[in-house]
Amino acid sequence: MEKVALAPHEAPAMQRKRIAFASYMYILLYIVISSGQIFFNKWLLSSNHFNFPFPVSLTLIHMVFSSVLCFVVIHVFKLVPLPQGMTLEIYATSVFPIGAMFAMTLWLGNSAYLYISVAFAQMLKAIMPVSVFLLGAAFGLESLTLRMMFIMSVISFGVLVASYGEINFNWIGVIYQLGGVVGESMRLILIEIMLKRKGLKLDPLTMMYYVSPCSAFCLFIPWLLLEKPKMDSSTHWNFDAVVVSLNALCTFALNISVFLVISSTSALTIRVAGVVRDWIVVLVSGLVFLDTTLTPINIIGYVIAIFGVVMYNKHKLKPVQAASQEELLPVLQGK
């Protein structure tokens, strides 16, 4: 029996459907892994659950594990090529500061879980665009327009309302979380200033390949001075190599999912998927963890903040859309 050949106009349509389906699956994978990793970290660090209350140690393990796996993926299996242009000078003056900020972000962000709920931590993360914008303006990367100031005000107001409605408010946890937000903002600014302006473009996987060893080095010092003495003096904590290794593997899988989403769609898609992820984490955490109590004021404030984040993402999307249309115009004109 002869196979039925596809009509010429059907093949591209089917190909587009397959690509779209794969993209949606990658986005779903990112949301699931990202949400699960947040819950996994909270469960490990919480004294009410697994009881491994050492965020520096956990983050250090993640970075060492990621360094090894990235090396295997890139040099052994050769699945991702390294970009050209990386020099020792760029690595020392650009990559290392980015690694230090990444270490700071993970350390402080994980430390916040010891004091505040997962839901409230995610609400505080909504302030990220404000931090990125203000730091970007300080470094000359952003313009202080009325529209952007309005968007920043909306996000800030929403986070303040959500914080006002938090029952288990803890200043230590808030400071840790906001410190992590500032660290992540600085990391993004440094990537823009130190790498992109030097013409070096790194995807999430090669970025982790270069940054993870730097972050591990930066984390080793506070671990040695701050956490190791606590671990030596206390026996009231739990450690299981299999569970912790699985947690580190999930962190690496999260970076792979980010790589897949960006390579098949765009960096903006990660922002949008991140908003969806945050809502899932906020709502589900109330069912998973006993320290999470959502109030109407919490939800109202978070809705306002997310509305501002959506406005911010839409504002950032316009230049990208304009550039894409300019690139597509010669093709449409047959040039």
Side-chain angles (χ1 to χ4, degrees), residues 30 33-34 36-45 50 52-77 79-80 82 86 88 90-114 121 125 176-177 179-188 190-191 194-195 202-231 237 239-259:
Y30 163 75
I33 295 178
S34 182
Q37 183 63 24
I38 291 172
F39 293 137
F40 202 169
N41 287 347
K42 172 69 174 181
W43 179 78
L44 275 177
L45 294 167
F50 186 79
F52 183 69
F54 303 109
V56 181
S57 302
L58 183 63
T59 308
L60 177 60
I61 292 171
H62 287 172
M63 291 299 97
V64 172
F65 197 88
S66 179
S67 299
V68 173
L69 284 186
C70 284
F71 181 87
V72 171
V73 169
I74 292 175
H75 289 287
V76 178
F77 294 105
L79 297 179
V80 179
L82 288 176
M86 178 63 74
L88 182 61
I90 293 177
Y91 191 85
T93 60
S94 300
V95 175
F96 192 85
I98 292 171
M101 289 299 101
F102 191 48
M104 173 182 169
T105 299
L106 297 175
W107 169 16
L108 298 182
N110 284 331
S111 297
Y113 291 142
L114 298 176
K125 281 183 182 179
Y176 271 129
Q177 185 63 26
V181 167
V182 172
E184 176 64 7
S185 303
M186 277 301 303
R187 184 182 75 90
L188 297 175
L190 291 177
I191 289 175
M194 296 181 172
L195 293 184
L202 302 178
D203 58 64
L205 196 59
T206 52
M207 176 69 77
M208 288 302 300
Y209 169 79
Y210 287 119
V211 167
S212 294
C214 302
S215 299
F217 176 80
C218 293
L219 287 165
F220 180 77
I221 298 173
W223 174 79
L224 190 64
L225 298 177
L226 300 177
E227 280 199 351
K228 188 177 183 301
K230 294 181 181 178
M231 299 175 76
W237 54 275
F239 181 83
D240 187 312
V242 175
V243 174
V244 175
S245 297
L246 181 61
N247 179 261
L249 183 62
C250 288
T251 301
F252 183 76
L254 174 59
N255 293 316
I256 295 294
S257 69
V258 172
F259 171 75

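It should be emphasised that the depicted structure is a prediction, and the values quoted were computed from it without experimental measurement.
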Rounding to 0.5 Å, atoms CG (N255) and SG (C250) come to a distance of 11.5 Å

If you look at every heavy atom in T105 and G183, which pair is closest and at what distance?
OG1-C, 3.0 Å

Pair L60, E227 - check side chain to side chain contact (heavy atoms under 4.5 Å, CB included), show working.
CA-CA 11 Å; L60 177 60; E227 280 199 351; over 6 Å; no

Which residues pass the side chain to side chain donor-acceptor pair (under 3.5 Å) test with W223, not counting sequence neighbours?
S57

Proximity of F96 and Y91 rings by center, below 6.0 Å
no

Would you say that Q37 contacts H62 through its side chain, given a criterion of any heavy-atom pair below 4.5 Å between the two side chains?
yes

Please assess L226 against V56 for the test side chain to side chain contact (heavy atoms under 4.5 Å, CB included), listing each intermediate value before the final yes or no.
CA-CA 9 Å; L226 300 177; V56 181; 5.8 Å; no

Separation of I61 CD1 from T251 OG1 (nearest 0.5 Å):
10.5 Å

Write down the atom of S257, the atom of I33, and the distance for their closest heavy-atom approach.
CB-CD1, 4.3 Å

Shortest non-hydrogen pair, V64 vs A216, comes out as CG2-CB, 4.2 Å

What pair of heavy atoms forms the shortest contact from P55 to W107, and how long is it?
CB-O, 4.1 Å

Using every non-hydrogen atom in the two residues, find where Q177 and A112 come nearest and quote the distance to one decimal.
OE1-CB, 3.3 Å

Take a 6.0 Å sphere around CZ of F39 and say whether it holds more than 12 heavy atoms from other residues, nucleotides or ligands.
yes

Counterpart residues, side chain to side chain contact (heavy atoms under 4.5 Å, CB included), relative to L79 (two or more places apart):
V73, F77

Could you check if a side-chain atom of Y176 sits within less than 4.5 angstrom of a side-chain atom of L114, using non-hydrogen atoms only?
no

May I ask you to decide if the ring planes of F52 and F54 are parallel, tilted or perpendicular, using 30° and 60° as cut-offs?
perpendicular

Do the non-hydrogen side-chain atoms of C214 and V95 ever get within less than 4.5 Å of each other?
yes

Side chain to side chain donor-acceptor pair (under 3.5 Å) filter on T59, not counting sequence neighbours, yields N110

What I'd like to find out is whether the side chain of I98 reaches to under 4.5 Å of the side chain of M186, using heavy atoms alone.
no

Please answer whether the main-chain N or O of F102 pairs with a side-chain N or O of S215 as donor and acceptor at a distance below 3.5 Å.
no

What heavy-atom pair brings I74 and V80 nearest, and what distance separates the two atoms?
CG2-O, 3.6 Å

Pairwise distance OG1(T206) to CE(M86) - rounded to 0.5 angstrom
8.0 Å

Taking only Lys NZ, Arg NE, NH1 and NH2, and the carboxylate oxygens of Asp or Glu, determine whether E184 and R187 approach each other closer than 4.0 Å.
yes

Does the side chain of F252 reach to within under 4.5 Å of the side chain of L205, using non-hydrogen atoms?
yes

Close side-chain approach of V243 and W43, heavy atoms under 4.5 Å:
yes

With sequence neighbours left out, the residues meeting side chain to side chain contact (heavy atoms under 4.5 Å, CB included) with T93 are E89, K198

Could you tell me if the side chain of L249 sits less than 4.5 Å from the side chain of F65, heavy atoms only?
yes

Look up atom CG in L44 and atom OH in Y113, then write down how far apart they are to the nearest 0.5 Å.
12.0 Å

Under the ring pair (Phe, Tyr, Trp, His ring centres under 6.0 Å) test, which residues partner F71, sequence neighbours left out?
H75

Determine, step by step, whether D240 and F50 satisfy the side chain to side chain contact (heavy atoms under 4.5 Å, CB included) criterion, reporting the C-alpha distance in whole Å, the side-chain angles of both residues, the deciding distance to 0.1 Å, and the verdict.
CA-CA 9 Å; D240 187 312; F50 186 79; 3.8 Å; yes

Does S212 have any side chain to side chain contact (heavy atoms under 4.5 Å, CB included) partners at least two apart in sequence or in another chain, and if so, which?
M63, S66, S67, M208

